[in-house]
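Here the structure is a predicted model, which is why all the values come from computation and not from measurement. Values below: all heavy atoms of this structure, side chains included; hydrogens, waters and symmetry mates excluded. The chains referred to below are lettered A, B, ... by the order of the sequence lines, with proteins before strands, and numbering in each begins at 1.
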2 protein chains.
Amino acid sequence: MAVRERIRVGGRSARIQTAVHEAVKRLATENNRDELTVPQIAAEAGVTPSTIYRRWGDLSALLADVAVERLRPIADPEDTGAVASDLRLFIEQFMEEMSSPVGRALMRDVFSSEEAYPCQCAGFTREHLTTIVSRARARDEAAFDIDQVLDHVVAPIIYHILYGDRELTLDYCHALLDRVQSRPTAAAPPAPAGPAAAQRAPREKAGRGSVRAPRVVPPKTRVGRKSANSKSPGRR
Amino acid sequence: MAVRERIRVGGRSARIQTAVHEAVKRLATENNRDELTVPQIAAEAGVTPSTIYRRWGDLSALLADVAVERLRPIADPEDTGAVASDLRLFIEQFMEEMSSPVGRALMRDVFSSEEAYPCQCAGFTREHLTTIVSRARARDEAAFDIDQVLDHVVAPIIYHILYGDRELTLDYCHALLDRVQSRPTAAAPPAPAGPAAAQRAPREKAGRGSVRAPRVVPPKTRVGRKSANSKSPGRR
DNA sequence: GGCCTTAACGCAAATAATTTGCTTTAAGGT
DNA sequence: ACCTTAAAGCAAATTATTTGCGTTAAGGCC
């Protein structure tokens with residue numbers, strides 16, 4: 001398969017991506033999410049709708065792209081001086097953020113796209129936990145098993161947020177944590193290799209609100225109408 | 001608020017719903033899911049597209065409605081003679097079904113709609129577990145804590161399927177089960193009341209493939225275009 | 001069983017979203 | 001500074017979605 005020609009990530013492409021993402025955020029705040037449309041977002045961003053369709057493909061992919069950026073961490077978990085309180089504070093904040101209306105909407109956006117965004121977001125959570133473990137080791141403290149915390153603290157929290165079958169409380173989160181901490185790595189289930197299994201080194205602490213170099217989404221390469229009965233085959 | 005006039009659930013309405021659901025299933029099998037359109041489904045079902053828009057609202061709601069019906073259990077979990085093996089078999093089948101491409105697609109459909117479908121689906125799982133517990137009690141066996149199984153077996157399984165961050169194995173599921181069963185109801189976290197907290201009695205065993213009376217979706221009552229700048233307010 | 005009310009559906013037209021061909025702008029390499 | 005070409009803009013075409021109104025038939029009542 002031919003390698004794609006080089007993607008342009010500077011200048012106008014970056015500015016347009018920022019403008020479109022900001023437009024999505026503003027419009028999502030002001031309107032019912034289900035009523036967002038691409039022409040509306042394009043008008044708010046000051047671009048042509050076809051720019052959005054060519055770059056992202058459809059509304060769902062755009063919302064997912066924005067959601068992943070919003071879920072991407074911009075700072076390490078707070079350092080409270082001890083691993084237990086670091087983890088506790090992280091989980092408390094995680095639950096509160098994910099169970100908020102904005103958090104729920106972002107998760108739905110992430111799951112609704114065909115892209116591998118959920119896997120990427122799982123990596124964010126694992127990354128935070130890795131940071132807390134590394135910090136504990138730097139202090140010569142006993143750490144915790146990241147897979148245990150993901151399976152028995154993070155997963156139940158996410159499950160109940162997504163299914164909406166019960167309201168979450170801090171007591172509930174604390175009890176999940178206590179349960180994991182009362183039996184550290186013993187009887188850990190086998191965790192077969194997966195895309196996110198390799199743990200990444202924690203990134204340098206960036207501080208809240210720091211600006212990152214924009215990741216520019218390459219344009220969709222799918223040709224023609226989505227339906228198989230498309231009238232005109234694409235040019236590329 | 002005025003009570004809605006009575007909904008017609010018989011004859012043509014029921015036939016149209018069945019036809020549309022079957023059309024969705026056939027087209028989803030034959031085509032890329034992301035390429036499904038309402039006009040296409042309408043043609044396959046032999047109805048007018050506006051029928052679908054009026055009844056379901058949009059494609060997303062239709063796919064979710066179909067997904068919930070496909071996820072709705074039509075039979076009790078198999079009876080293997082002992083609670084431990086009942087639960088084990090149930091979890092094995094649950095993981096295999098949910099992690100299949102069809103299972104993943106159905107879950108994404110369920111989460112993508114504004115309706116409270118996820119909560120309903122959570123109820124299905126809880127219902128199965130309740131059946132297994134009731135069966136155990138009928139045999140004078142020690143049962144298990146349903147909340148524990150949901151939090152520490154079902155939730156991790158669903159988490160990894162949704163996030164796609166690792167592949168699931170039967171060993172992994174068995175280990176999750178072993179972990180719960182090695183500490184039955186001790187230290188259960190507080191489970192605050194929620195919509196699905198009240199446990200429903202298990203339904204009479206229906207046998208595989210039994211036919212249920214159709215649930216007919218009432219038409220959408222939302223008026224006008226989704227966008228706030230709709231030109232013509234609806235009649236009803 | 002016939003009649004009546006009216007919910008749901010079909011049809012067609014209008015509106016809006018999405019796609020596509022072509023031109024213009026400007027990113028980035030030399 | 002120049003050149004190649006990716007990305008964006010523009011406008012037209014196509015398709016999806018919405019809406020007004022007429023038709024069909026569900027279901028309650030007598």
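- When rounded to the nearest whole Å, the span between CZ of A/Arg6 and C1' of C/dA27 equals 9 Å.
- For A/Arg8, the listed nucleotide lying nearest its side chain is D/dA7; candidates were D/dA25, C/dC9, D/dA7.
- For residues 43-53 of chain B, every residue pair satisfying the salt bridge (charged side-chain N to carboxylate O under 4.0 Å, His left out) rule, not counting sequence neighbours, is listed here: B/Arg26-B/Glu44.
- Considering only side-chain atoms of A/Arg54, the nucleotide from C/dG29, C/dG21, D/dA7 that sits closest is C/dG21.
- In this structure, A/Gln40 atom CD and C/dA16 atom C1' are separated by 12 Å, rounded to whole Å.
- Relative to the side chain of B/Ser50, the nucleotides C/dG28, D/dA7, D/dT18 differ in distance, and D/dT18 lies closest.
- By the 30° and 60° cut-offs, the orientation of the rings of B/His21 relative to B/Trp56 is tilted.
- The side chain of B/Ser13 places an N or O atom within less than 4.0 Å of a non-bridging phosphate oxygen (OP1 or OP2) of C/dC9.
- Taking atom CD of residue A/Gln17 and atom P of nucleotide C/dA27, one finds them 15 Å apart after rounding to whole Å.
- Within 4.0 Å of A/Ile16, counting heavy atoms only, lie sugar-phosphate atoms of the nucleic acid but no base atom.
- Remark: C1' of D/dA8 and CZ of A/Arg55 are 9 Å apart, rounded to the nearest angstrom.
- Under the 4.0 Å criterion applied to side-chain N and carboxylate O atoms, B/Arg166 and A/Asp147 are assigned as salt-bridge partners.
- A donor-acceptor contact under 3.5 angstrom links the side chains of B/Gln93 and B/Glu78, judged on distance only.
- The CH2-C1' distance, from A/Trp56 to C/dA17, rounds to 17 Å in whole Å.
- When the nearest nucleotides of DNA chain D are assigned to B/Pro49 and A/Thr51 by heavy-atom distance, the more 5′-ward of the two goes with A/Thr51.
- Nucleic acid contact class of A/Thr48 (heavy atoms, under 4.0 Å, all strands): base.
- The aromatic ring centres of B/Phe124 and A/Tyr163 sit 6.0 Å or more apart.
- Atoms CD1 (B/Ile52) and C1' (C/dA8) sit 14 Å apart, rounded to a whole Å.
- Whole-Å rounding puts the A/Ile7 CD1 to D/dA8 C1' distance at 16 Å.
- For A/Arg12, the listed nucleotide lying nearest its side chain is D/dA8; candidates were D/dA8, C/dG10, D/dG28.
- If you measure from atom CZ of A/Arg15 to atom P of D/dA8, you get 10 Å, rounded to the nearest angstrom.
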